[in-house]
Structures are given as structure tokens and as C-alpha cells.
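Following: one structure in C-alpha cells, then a few remarks.
Side chains included, hydrogens not; waters and symmetry mates left out as well; all remaining heavy atoms used. So you know, we letter chains A, B, ... as the sequences are listed, proteins then strands, and number each from 1.
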There are 2 protein chains.
Amino acid sequence: MPEERAGQSERLKNGIHTACLVCPIRLNDHFREFSPGELEFVRSFRKGEFHADAGTTILVEGSHSAHLYTVLTGWGFRYKILEDGRRQILNYVVPGDMIGLQGAVFDEMAHSVEALTPMRLCVFERDRLLSLFEKHPGLGYDLTWIASREESMLDDHLISIGRRTALERAAYLLAFLDDRGRVSGLTGEDKAYLPITQAHVADTLGLSIVHTNKTLKKLVSRGLIRWLDRGCEILDNFGLQEAANWKPDGITRRPFI
Amino acid sequence: MPEERAGQSERLKNGIHTACLVCPIRLNDHFREFSPGELEFVRSFRKGEFHADAGTTILVEGSHSAHLYTVLTGWGFRYKILEDGRRQILNYVVPGDMIGLQGAVFDEMAHSVEALTPMRLCVFERDRLLSLFEKHPGLGYDLTWIASREESMLDDHLISIGRRTALERAAYLLAFLDDRGRVSGLTGEDKAYLPITQAHVADTLGLSIVHTNKTLKKLVSRGLIRWLDRGCEILDNFGLQEAANWKPDGITRRPFI
DNA sequence: CGAATATTTGACCGATGTCAAGGACCGTGG
DNA sequence: CCACGGTCCTTGACATCGGTCAAATATTCG
């Protein structure tokens, strides 16, 4: 597992670690700004940086992690596996998302997290989580915001898997991911490329791979997406939203830690 | 919509509202205790009490609620509805659960909440939520705990709907609800009675009513449950857990606000 | 080139949905 | 007390969506 701590090589500049200075999330307009005090605290809360290759398992179900992470760059996903191997992808993670919070708040993780692309993660010490609430109530509030937002995404996934047809589900998922990619800065103005295989789509939607393939072809033939080697290109996000009968939340400014 | 504010009739006793003194959640061993300062804050945060009849819609999707609630007694459920009427039940609420947090943190509710039985709810003002974080960081942490716990339940629901068979799903749901009933004090030592119809089960599991009925009969014939008029009696929780290949979390002491 | 992983396709199967109808139970009004 | 309508539960026949199996075809990576 390729791990790097960038902490030791960081230099100070105006009292702020260069790491936070060049933080890709802070530089993204979709995220809110820190007050100087908050930034200073987050800087001290931060323990270093973790680099994961594509395919790396970052957190494992059943483990007790000493760390919390905020995604800085790259795509990943959270999943669970049943004893006989059936896998369910619960959600995807993008820059600004926090992972490992469940492991910090309960005894152990109830799901695993894996990188879809190379990822950079900001590492925090879970022991100091309570002091975050004590010293910066606003950041504590933001954590609750982030957890509620995750909850609301899971609600959307649930109604999709439970009540939408295969075609609607697929359209929903791709529109949803495209939206997340844009908001988190993973995608620019261009057509989005989602770094997922059809197996990921299947395991997210609760479908078999074969049927997922046939369903995606329908979206292709409608001109909504293109399927590339190991990923999907979104041609018409709005068309996907219509096919799914779903709309993204219109949240413009998001907190992060 | 039958509404009662019990606030005006509450009397003080040792500086604590009788309402908090007799709070059924505080009296339940499965929940943690407040420090005197916390109790005093919660008492002041509290705005009154809301009584809902069975079948009442407590919060509606798309609305902007001025309140937050903690469930004191009774069962309810959260759900979403698609335009054409398809309904998905997202989760059930029991005493100790907070509802309306999403509406407090975002602009509007993305789901509705309905009472399954008569419910008593403790009402809080959403405007003062930030001051909870400021004055009692521990309570802020607890809110994050609660939100994370909800997330973890939704994760379980997702893998059930996505990857378990109809029989496994049904067994999972009933074991899960029985567990929640016990932990929240809705059920005593006796056999649990779950106040749900088969339509609720169907809309939770993403199944049709007809198939749900046939699936539940299998659980009946295995001696795991009995189906009564408008509800379900759990005869063998452990048998259900085995049929579902699922285990409840072993959390013993839960926070609440 | 060969192995491993992804994607694609066709044939067939089975779990689950839909339709339809009947029965049980409840609350209400006469 | 009975009649009535409204839910809820139950059941059978049939339809279909999506799963399984199997095999072919890329594509990547050594």
C-alpha cells in the first residue's frame, strides 16, 4: 500500500502550511472559505497527506482506523460485502468528502473505501475530533452538515434502487456522478469522464453485470452517454436527469474540513 | 393536524422542567446521561411538545420547517415519493431519533415523515442549532454521532435492497425493526409487535405488495414471525438474523438531544 | 504473445411484478 | 343490530424484467 506523508516537507509561509495554501478544495469556488482561526486549527488538526493508487483499499470494513480523511483529489467509493461475496457500492467519494467518520465515531468501520483513480487524501487524527467541536463550533456544525448531506445522497440512492427501473437507475447514477464530478472540481467545462467499470455500475444499482451492460447500451443509443474502455463519458446530463426523473440538489456553497 | 404545546403547563422542580424530568428517553438505560449544564441547555433549547396521531404527516418533502424534533414515544417512518406515486420508505424512527435535521441544515426537507402510531415529539427551534454547537460542543459531537448512525443504517438498507433476495430482505427488516424497538424502549421483554402493514414492508424493501405477502408467509411458516391484523409479531429475532445473514450493531449507550 | 480484465451477445430461466378477485376486519351511520 | 365502504390481507394465473450461463471479442499489461 503506497503511502506518503508529505508533512515533513511542508514549509510555512505567512504562518500557514503551504499544504493548506495550495489545497485544491480551498481553491474551488464551490466550497466555502475558512476564517483565519479555523484555517489555523485545521492546519494543526491535519497530520499529513496520504496518496493512494487506483484500486487501493483505503479503509476496511471491521477495522478500527486511527484516522479521518478528507479527499483532496480523485474518485473513490464506499462499499460493503456480504459473506458470499455479493458487493454493494454505497456511494462515491469526491474531493471535499470526509471518509472514516463512522470509524471515528463508532468502534469500527462498517464499510470499506477503495480508490477508483489515484487519490490524495488529507489525514486527520481521530483523537482530536472532539477538540474540533470544542474550539471551532462552526466546524462542528459543518461536520454535521457533511454527515446530513451524505444521508441525503443515500436517501436518493435508496429510492433509486428500491423504486426505479434499471434504465432509470442507470440514468440517475450517471447524472448524479457527473454532477458530483463538476461540483467537486474533478470535471471542468468539458464532457465528464467517469472512471468506473460496468461492474461498478452493477454493484451500485443492484443489477447483474449482464443486465447493466444491456441497460447502458440503451443510454448509449439514446445519445446520452458514450462508453469508453474503462469508463463513461457523459454527453447529455440533462437528458439523463429526464430519463431518471431526478434533479440534483442546487446547493452552491459547501463546507468541508 | 392535532397539535398540542405542552410547554405552558410545565412546572419547574429543582430548576428542571418536569418535562425533562420525566423524559422517557432519559429514563431509558440505553441512552447516555446529560451533564447538569447540558440538561439545562436542552431544556432551554426545547420549545414544547408535539403530539401526532397515527397516520399524521409530521414533515413534508419540499417544505422548510422551522423546527427540529426528537422522538419521545411511538413509531414513525421517513419516505420519499416519485412523481408517479412510487413510494420508498427510507428508514423508521423511534424514540431518541432526531427528525428534521436535514431541513434545519439545508433549505428544505428532501423527504417526508409520517407517524405509524401516536407519537410524542420534543420540539426544538432550528435557529438555535448553531448555539448548541457553541455552548455545548459535546452535544454537537452527539449530533454528528446521530447523523453518522443514521448513515450507517441507510448503508445497511442499501445492501439489503441492492443485494439480498426478497426473503433475506424481509428477514433483515423485521430483525432490524425488532432491534430498534427494543433499544429505544418501545418493546419490553415480551414479543415485539411492529405496527406496520405489508404495504410498508413492500415500500421499504422495494418489492410489490403481492410478492411481499408471499415472502412474509414463508417467514410465518418457518415460525419466525406471526402476522396480525395490522402488524407483525416477532417470534424469533435470532432466526430472522440468520435468515438475513445480518447482525445488529452492538452499540450499548446512545446519545440523544 | 499470453494472461487478466472488461465488454458484448444470445439463449434460457426464474424471481418478482401485474392483474384480478375474493375474504377478513374495522369503523361509521342508520 | 345491520349495512356499507374502506383497508388490509390472500391467492391464482400470467407476464416480464432482470438473472444466469456460456462463449466470443476487445483491450490492457507484462
Distance in angstrom units between [X] [atom1] and [N] [atom2], rounded:
X       : N       : atom1 : atom2 : answer
R230(A) : dA26(D) : CZ    : P     : 16 Å
I209(B) : dG17(C) : CD1   : P     : 11 Å
R163(B) : dG18(D) : CZ    : P     : 13 Å
D229(B) : dT7(D)  : CG    : C1'   : 9 Å
H211(A) : dG10(C) : NE2   : C1'   : 14 Å
K218(A) : dG18(D) : NZ    : C1'   : 10 Å
L207(B) : dA15(C) : CG    : C1'   : 10 Å
R164(A) : dT16(C) : CZ    : C1'   : 20 Å

Which part of the nucleic acid, if any, lies within reach of [X] when heavy atoms closer than 4.0 Å are counted: base, sugar-phosphate only, or nothing?
X       : result
G206(B) : sugar-phosphate
K214(A) : base
S208(B) : base

Can you find a side chain N or O atom of [X] that sits less than 4.0 Å from OP1 or OP2 on [N]?
X       : N       : result
K217(B) : dC9(D)  : no
Q198(B) : dT10(D) : yes
N213(A) : dT8(C)  : yes

- Candidate pair R149(A) and D97(A), rule salt bridge (charged side-chain N to carboxylate O under 4.0 Å, His left out), full reasoning: CA-CA 10 Å; R149(A) 166 77 185 125; D97(A) 285 350; over 6 Å; no
Closest to the 5' end of DNA chain C, once A166(B) and L228(A) are matched to their nearest nucleotides, is L228(A)
On a heavy-atom basis, the closest approach of L154(B) and L158(A) is CD2-CD1, 3.6 Å
| Does the side chain of R164(A) pick up a donor-acceptor pair with the side chain of S160(A) at under 3.5 Å? | yes
Per atom distances to the T197(A) side chain, the nearest of dT7(C), dG18(D), dT18(C) is dT7(C)
Ranking dA20(C), dT20(D), dG19(D) by distance to the side chain of V210(B), first place goes to dA20(C)
Taking only distance into account, with no hydrogens and no angle test, what donor-acceptor pairs under 3.5 Å do side-chain atoms of residues 219-226 of chain A form with protein atoms, sequence neighbours excluded?
| from | atom 1 | to | atom 2 | distance (Å) |
| --- | --- | --- | --- | --- |
| S221(A) | OG | K218(A) | O | 2.9 |
| R226(A) | NE | E233(A) | OE1 | 3.0 |
| R226(A) | NH2 | E233(A) | OE1 | 2.8 |

Checklist entry - Is a salt bridge present between D203(B) and R86(B), judged by a nitrogen-to-oxygen distance below 4.0 Å? => result no
